Amino acid sequence: MAHSASNNEDQKYRQYHPYQQFDIPVQSLYNLPISPEYLFHEESLNSRRSWGENLQYYTGTGYLSGAVLGAVRGSVQGLRQAESSDTLKLRINRVLNSGGHAGRRWGNSLGVLGLIFAGLESGLVYLRDSDDLLNTAVAGLGTGAIYRAAGGLRSAAIAGAIGGVAAAAAVAGKQAVKRYVPI
């Protein structure tokens, strides 16, 4: 009895199909292209990000990763500093305050590093009119040196060497992953 009632209800209503007036199969509507689409032809000729996009990418990535790493480290320190006589509310407050403080500090530091690096790398690409490993390594060297310049010449030289090696290693690692890891 219940089956016949549901059968009558199905006949009262028809299924809505938003594309029924078009003579195209529904499956072809959702076949999306795998290559990027550009609004203007000039955009397709660029093989790298512009200096503004570079600036936003490196600064934003640096700030976000620094904030997350700093918040985790600060939260762990807050847990370690908690005393046995603290209430749960006090412990949570200590963890949140410590995590927020360290997250802001690390985020700002890495964001400034990203800002300096993006400016130097974009300037080197403009001056040399080529985009290669040398630009990235020199930008990393300059970033480390500028960031630690207030600490003296020795500190700037050490930080510059670390920055140059780190930037070159990051580019070499990226090329190795592109070559050997099927993604």
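In this text, all values refer to a predicted model and were calculated from it rather than measured experimentally.
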Arg94: which residues meet the salt bridge (charged side-chain N to carboxylate O under 4.0 Å, His left out) condition with it, sequence neighbours left out? Asp86
Quick check: closest heavy atoms across Arg91 and Glu83, and the distance to 0.1 Å? NH2-O, 3.2 Å
For a quick test of reading the model, state the closest non-hydrogen atom pair linking Ser98 to Gly74 and the distance between them. OG-O, 2.6 Å
Please check if the side chain of Thr59 supplies one atom and the backbone of Gln56 the other of a donor-acceptor pair under 3.5 Å. no
In Å, rounded to the nearest 0.5 Å, how long is the span from OG1 of Thr143 to CD1 of Ile162? 13.5 Å
Please answer: with hydrophobic residues joined when any side-chain heavy atoms are less than 4.5 Å apart, are Val177 and Leu133 in the same cluster? no
In the single-linkage hydrophobic clustering (I, L, V, M, F, W, Y; side-chain heavy atoms under 4.5 Å), do Ile146 and Leu110 co-cluster? yes
Looking at every non-hydrogen atom in both residues, tell me the closest pair between Ala149 and Ala156 and how far apart they are. CA-CB, 4.0 Å
Nearest-0.5 Å distance, CZ of residue Arg105 to CZ of residue Arg73: 8.0 Å
When every non-hydrogen atom of Gly140 is compared with those of Phe117, the smallest separation belongs to N-CE1, 3.5 Å
Heavy atoms, side chains only, cut-off 4.5 Å: are Arg128 and Leu134 in contact? yes
Would you tell me whether Asp131 and Asn135 have side-chain atoms, one donor and one acceptor, within less than 3.5 Å of each other? no
Is there a donor-acceptor pair closer than 3.5 Å between any side-chain N or O of Asn93 and the backbone N or O of Lys89? no
Is the backbone N or O of Ala168 less than 3.5 Å from a side-chain atom of Thr136, with the two atoms forming a donor-acceptor pair by type? no
Other cluster members, Leu79 - Ile/Leu/Val/Met/Phe/Trp/Tyr, side-chain contacts below 4.5 Å: Val95
Looking only at heavy atoms, which two atoms of Tyr58 and Ala118 are closest? And how far apart? CD1-CB, 3.7 Å
Test Asn97 against His101 for side chain to side chain contact (heavy atoms under 4.5 Å, CB included), laying out the working first. CA-CA 6 Å; Asn97 285 342; His101 178 71; over 6 Å; no
Rounded at 0.5 Å granularity, tell me how far OG1 in Thr87 sits from CD1 in Ile92. 8.5 Å
Where do Gly107 and Tyr63 come nearest, in terms of heavy atoms and distance? O-CD1, 3.1 Å
Test of understanding: clusters of I, L, V, M, F, W, Y form through side-chain heavy atoms closer than 4.5 Å, transitively. Do Val112 and Leu120 belong to the same one? yes
